[in-house]
Amino acid sequence: MRAQDKDSLTDEGRIIQIYTLGRFLIKRGSSVISDEASRSKKAWDLFKYLIAHREKTTHSEAILEALWPDQIYTDSNLAMRSLIFRLRQLLEKDLLAPELALNITFAHGCYRWQSQFGYWLDVEQFEKLCTEAHSNIVTDPRQSIDLYLEAVSLYKGDFLPESSYQEWILPFRNHYQRVYLQAVFELIRLLKNSRRIAEIIAVCEKALMIEYYEEELHLHYIEALLEEGKTKQARVHYDEVTATFYRDLGAKPSAAMRNLFRVLKMEHDNFDLDLTFIQEGLRDRQAANGAFYCDADVFRQLYKLERFRGERTGQVVFLGLMTITLPDYRLPPQKVLDEAMATLQDVLVSSLRKGDVITRWNKAQYLILLPWINIQQADIVLGRVEARFVDSYPLDRLVLHKKQQPLLPAEPYIAE
């Protein structure tokens with residue numbers, strides 16, 4: 001009898017249930033039986049390997065190399081026979097599950113988990129439900145929704161998370177994660193087509209507990225909140241996730257996230273036909289004194305604007321560059337570089353004028369726009385920044401490089 005649905009046997013108390021998603025657990029009915037033999041780590045590692053590679057024949061040496069690559073065996077076949085014996089003892093005597101031991105077969109120096117005797121395995125049921133749901137999308141979308149809901153409820157997290165240090169696990173973990181996310185996104189699409197928005201919110205909330213850094217889940221979640229009229233909750237979630245992504249990953253909001261932010265503002269703000277109130281909203285809400293700090297995309301637009309304005313008025317605008325390196329021009333260690341760059345940003349903002357613009361161009365450089373200034377004044381300004389930076393952050397082994405030059409002219413337009 002192959003691995004099967006729990007409901008396919010009349011006496012559920014006899015079903016051996018093996019859980020691998022989010023945790024490793026073996027149960028018989030409602031009783032956990034794997035904890036009783038938790039000390040047999042090597043035998044359990046072998047068991048996990050065999051069920052992960054079920055129906056695949058693998059040579060003894062390949063199994064030992066995958067599970068314990070740093071160990072050397074004088075006789076790999078003997079070592080494997082000993083481990084198999086311990087595993088059988090564990091299943092038959094400690095767990096009182098001889099039907100599991102019967103699935104372990106041997107032939108021609110190779111071992112195999114042959115799914116003949118009754119048990120239920122979460123990953124098999126998970127993939128089976130996903131396959132059935134996908135095949136019914138066109139003919140019976142409502143049934144697909146039910147199947148997908150059951151499938152995603154089985155996915156509690158990474159495949160065998162307690163064995164994450166073992167390299168052989170990674171392909172399986174990535175596979176099941178990919179199948180899970182595909183199921184979630186197809187489920188969301190089906191729910192959206194059926195206008196079951198509240199269920200989308202519930203699905204997203206559960207999925208985000210497992211795959212928080214999957215941006216597409218956040219997009220669907222915020223859109224569903226807006227559909228339900230929960231604008232304030234959507235705005236709070238947007239602020240939280242963008243801050244977390246920047247803090248943990250160094251990632252700024254994507255184009256899709258920025259577009260969603262515009263929708264959030266439209267939902268949150270009232271339309272106004274009075275230019276005075278509109279200008280109040282456009283006013284710089286940063287500190288009253290100091291330069292304007294912006295991201296690289298905004299800086300590019302301001303650079304173009306200053307370049308065209310300079311060509312029209314004849315006024316020179318300078319572009320400054322400040323770089324932090326080691327004396328040999330290599331980058332400092334990341335932690336040291338981050339601290340130095342944060343200090344340099346504070347110095348730039350406080351030392352430059354309101355009309356000046358700065359951005360962090362990359363991990364070790366800031367760019368500065370200096371309008372209405374000449375070369376001598378540009379030298380003085382950057383020299384002042386350097387002096388204040390040295391006072392605030394003793395350079396020791398770091399070097400602060402500074403350069404400036406007028407903005408390059410715009411490329412001439414050539415009609416085709």
Side-chain angles (χ1 to χ4, degrees), residues 1-126 154 156 158-166 168-169 172:
M1 187 188 301
R2 285 185 53 80
Q4 55 203 270
D5 299 349
K6 284 185 289 185
D7 297 337
S8 66
L9 295 180
T10 56
D11 183 4
E12 187 168 323
R14 296 182 57 196
I15 301 173
I16 297 292
Q17 306 156 43
I18 305 172
Y19 295 88
T20 60
L21 296 170
R23 78 285 195 213
F24 176 69
L25 197 67
I26 301 180
K27 297 172 66 178
R28 187 189 292 275
S30 60
S31 301
V32 176
I33 59 177
S34 53
D35 289 349
E36 300 173 5
S38 58
R39 290 174 296 175
S40 306
K41 185 177 183 307
K42 276 199 167 185
W44 279 127
D45 285 345
L46 176 57
F47 178 80
K48 294 171 187 177
Y49 183 92
L50 291 173
I51 62 170
H53 294 83
R54 57 196 177 278
E55 304 298 347
K56 179 181 178 182
T57 301
T58 311
H59 195 274
S60 299
E61 290 184 0
I63 296 175
L64 293 172
E65 175 64 24
L67 289 173
W68 304 286
D70 297 329
Q71 293 192 23
I72 300 174
Y73 301 91
T74 53
D75 188 337
S76 60
N77 290 324
L78 179 61
M80 192 65 189
R81 284 199 299 272
S82 175
L83 281 168
I84 289 291
F85 176 78
R86 285 164 55 189
L87 177 56
R88 289 185 186 278
Q89 292 287 98
L90 172 68
L91 297 175
E92 293 173 355
K93 295 185 177 180
D94 294 359
L95 269 64
L96 300 178
E99 61 267 52
L100 291 184
L102 291 173
N103 288 298
I104 303 172
T105 62
F106 174 79
H108 308 295
C110 298
Y111 290 89
R112 176 185 182 188
W113 179 274
Q114 188 169 320
S115 305
Q116 290 182 327
F117 300 94
Y119 68 95
W120 177 90
L121 179 61
D122 60 349
V123 288
E124 283 192 347
Q125 181 69 3
F126 170 66
L154 288 174
K156 308 295 185 183
D158 288 339
F159 178 70
L160 297 175
E162 71 287 338
S163 303
S164 58
Y165 60 91
Q166 295 187 334
W168 71 265
I169 291 283
F172 293 95

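Quick caveat: nothing in here was measured; it's all calculated off a predicted structure. Hydrogens, waters and symmetry mates play no part in the numbers below; they use all other heavy atoms, side chains included. Along the sequence shown, residues carry numbers from 1.
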Open item on the list: If you apply the rule side chain to side chain contact (heavy atoms under 4.5 Å, CB included), what do you find for Q125 with W120, and how did you get there?
Closed with: CA-CA 8 Å; Q125 181 69 3; W120 177 90; 3.7 Å; yes
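- Atom CG of L50 and atom CG of L87 lie 6.5 Å apart (nearest 0.5 Å).
- Geometrically, K48 engages F24 in a cation-pi contact defined by less than 6.0 Å to the ring centre and at most 45° from the axis.
- Aromatic ring centres of F172 and H53 lie closer together than 6.0 Å.
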TODO: Output, in order, the C-alpha distance, side-chain angles, deciding distance and verdict of side chain to side chain contact (heavy atoms under 4.5 Å, CB included) for I26 and Y19.
DONE: CA-CA 6 Å; I26 301 180; Y19 295 88; over 6 Å; no
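- With hydrogens and angles ignored, the 3.5 Å screen pairs a side-chain donor or acceptor of D75 with a backbone N or O of L78.
- Closest approach of I169 to S163, counting heavy atoms only: CG1-O, 3.5 Å.
- Put simply, CG on L160 and CD1 on I51 are 6.5 Å apart, with the number rounded to the nearest 0.5 Å.
- Ion pairing between a basic and an acidic side chain is recognised when a charged N comes within 4.0 Å of a carboxylate O; E162 and R23 show no such pairing.
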Open item on the list: Test side chain to side chain contact (heavy atoms under 4.5 Å, CB included) on R81 and L83; report intermediate values, then the result.
Closed with: CA-CA 5 Å; R81 284 199 299 272; L83 281 168; over 6 Å; no
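- Aromatic pair W113/Y49: ring centres not closer than 6.0 Å.
- Considering every non-hydrogen atom in both L25 and K27, the closest pair reads CD2-CD, 3.9 Å.
- The two atoms that bring W168 and A66 nearest to each other are CD1-O, 3.6 Å, heavy atoms only.
- A donor-acceptor contact shorter than 3.5 Å links the side chain of T105 to the backbone of R112.
- With rounding to the nearest 0.5 angstrom, the CG atom of L102 is 7.0 Å from the CD atom of E92.
- Closest of all the heavy-atom pairs between L95 and R28 is O-NH2, 4.3 Å.
- Checked by atom type and distance alone, the side chain of D122 pairs as donor or acceptor with a backbone atom of T20 at under 3.5 Å.
- With rounding to the nearest 0.5 Å, the separation of CD in Q114 from OG1 in T57 is 8.5 Å.
- Looking at heavy atoms from C-beta onward, L100 lies in side-chain contact with I18 at the 4.5 angstrom threshold.
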Task: L64 vs Q71, side chain to side chain contact (heavy atoms under 4.5 Å, CB included): CA-CA, chis, key distance, verdict - done: CA-CA 8 Å; L64 293 172; Q71 293 192 23; over 6 Å; no
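- Annotation: side chain of H59 is not in contact with side chain of Y111 (no heavy-atom distance under 4.5 Å).
- The two atoms that bring S76 and S60 nearest to each other are O-CB, 4.3 Å, heavy atoms only.
- Under the 3.5 Å distance criterion, the side-chain polar atoms of H108 are left unmatched by any main-chain donor or acceptor of C110.
- Within 6.0 Å of the CZ atom in F85, the count of heavy atoms belonging to other residues, nucleotides or ligands does not exceed 12.
- The backbone N or O of I104 sits less than 3.5 Å from a side-chain atom of R88, completing a donor-acceptor pair.
- Contact annotation: the side chain of F106 never approaches that of M80 to less than 4.5 Å [non-hydrogen atoms, C-beta and beyond].
- Shortest non-hydrogen contact noted between L67 and Q166 is O-NE2, 3.8 Å.
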